[in-house]
There are 2 protein chains.
Amino acid sequence: MKKEQNIKPTESELEILNILWSKGPSTVKDVHEQLAATKNVGYTTTLKIMQIMLDKQLVTRDASSKIHIYQSAVDKTQAQGQMVQRLIETVFNGSAMQLVMQALGNHNTSATELAMIQEYLDKQTKQGKKK
Amino acid sequence: MKKEQNIKPTESELEILNILWSKGPSTVKDVHEQLAATKNVGYTTTLKIMQIMLDKQLVTRDASSKIHIYQSAVDKTQAQGQMVQRLIETVFNGSAMQLVMQALGNHNTSATELAMIQEYLDKQTKQGKKK
DNA sequence: TGGCATTTACGAACAACTTCGTACATTTGA
DNA sequence: TCAAATGTACGAAGTTGTTCGTAAATGCCA
């Protein structure tokens, strides 16, 4: 019974979501410090984007204290899924397999990772066709 | 010795690239008909975007006749690779494996496709780590 | 309590993208 | 040949996203 929303964050919003996903509920200051570590951006810019995200309901905030605490309002896995799905549709003609090949082929994946994927696939195929 | 360009088409541009990739060199009219099949958009809009793409060198055109013929100036595989790479970095924390899991888990891939991926992985792992 | 630092709010400016109206050029066929 | 159809060029307007300056509110501490 989850609310199904269509998540389409902008670049900047996604950066912030990533921070919130990894750090959990955070102040603007926290997020901005994290952001500023790799990017030259003003504090009020970060604030503004987070306010916009609040508007779009990408985040929620606790304003009970005067220092507001923000947290992601979207599920990480669900968001990842939607973005992958979108890429599959728009770039790989609907074929997940083609995307997987690309990802594995180009990315120089480690042997360990490949093994883990194989294991995963074995489980999938052994338990028969789903659907 | 290839020219390394960073490809970042917009949504609309990507739609057009997909058409050019599948149909090969095409006129604006061709592209627009294709586009209009699924999307309500004016002819001059399509034309304009294609002109902008020419500007950005996403496409080239043959204007020797008065009816210009456009074709993609970017390699499909390379573009796909860059977009996958970007997704891995921005959403999956650099891990191709995580993306693959997502793609396979969510997407209800067919048994046949899974088998093909396994075969591919077998070849990869058997020939040992590259690089 | 007064003043400095921190935080939030707001709006303006700019840039990128999308859309389309209009004008102009070319082709075609009656 | 000339009018309709087809095609290209251009610019303007609307939308969205990004950035930041400035102001106002609040917190802190000497």
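Only heavy atoms go into these numbers, but all of them, side chains included; no hydrogens, no water, no symmetry mates.
Comparing atom distances between the H68(A) side chain and each of dA9(C), dC20(D), dT27(C) picks out dA9(C) as nearest. Set against dT7(C), dT18(C), dA9(C), the side chain of E11(B) has dT18(C) as its closest nucleotide. When distances are taken from the side chain of V41(A) to each of dT8(C), dT18(C), dT19(D), the shortest belongs to dT19(D). For T44(A), the listed nucleotide lying nearest its side chain is dC20(D); candidates were dC20(D), dG17(D), dG7(D).
Side chain K48(B) to base dG21(C): no donor-acceptor pair is found below 3.5 Å.
A donor-acceptor pair under 3.5 Å is formed between the side chain of Q102(A) and the backbone N or O of T77(B).
Between the side chains of E89(B) and Q85(B), a donor-acceptor pair is found at a separation under 3.5 Å. No side-chain donor from either of N93(B) and S95(B) sits under 3.5 Å from a side-chain acceptor of the other.
Heavy atoms only, all atoms of each residue included: Y70(A) and Q51(A) are closest at OH-CG, 4.1 Å.
Residue contacts for L47(B): at a heavy-atom cut-off of 4.0 Å it reaches a base atom on one of the strands shown. Residue contacts for T10(A): at a heavy-atom cut-off of 4.0 Å it reaches the sugar-phosphate backbone alone, with no base atom in range. Nucleic acid contact class of K56(B) (heavy atoms, under 4.0 Å, all strands): sugar-phosphate only.
Separating the CD atom of E13(B) from the C1' atom of dT19(C) is a distance of 14 Å, rounded to the nearest angstrom.
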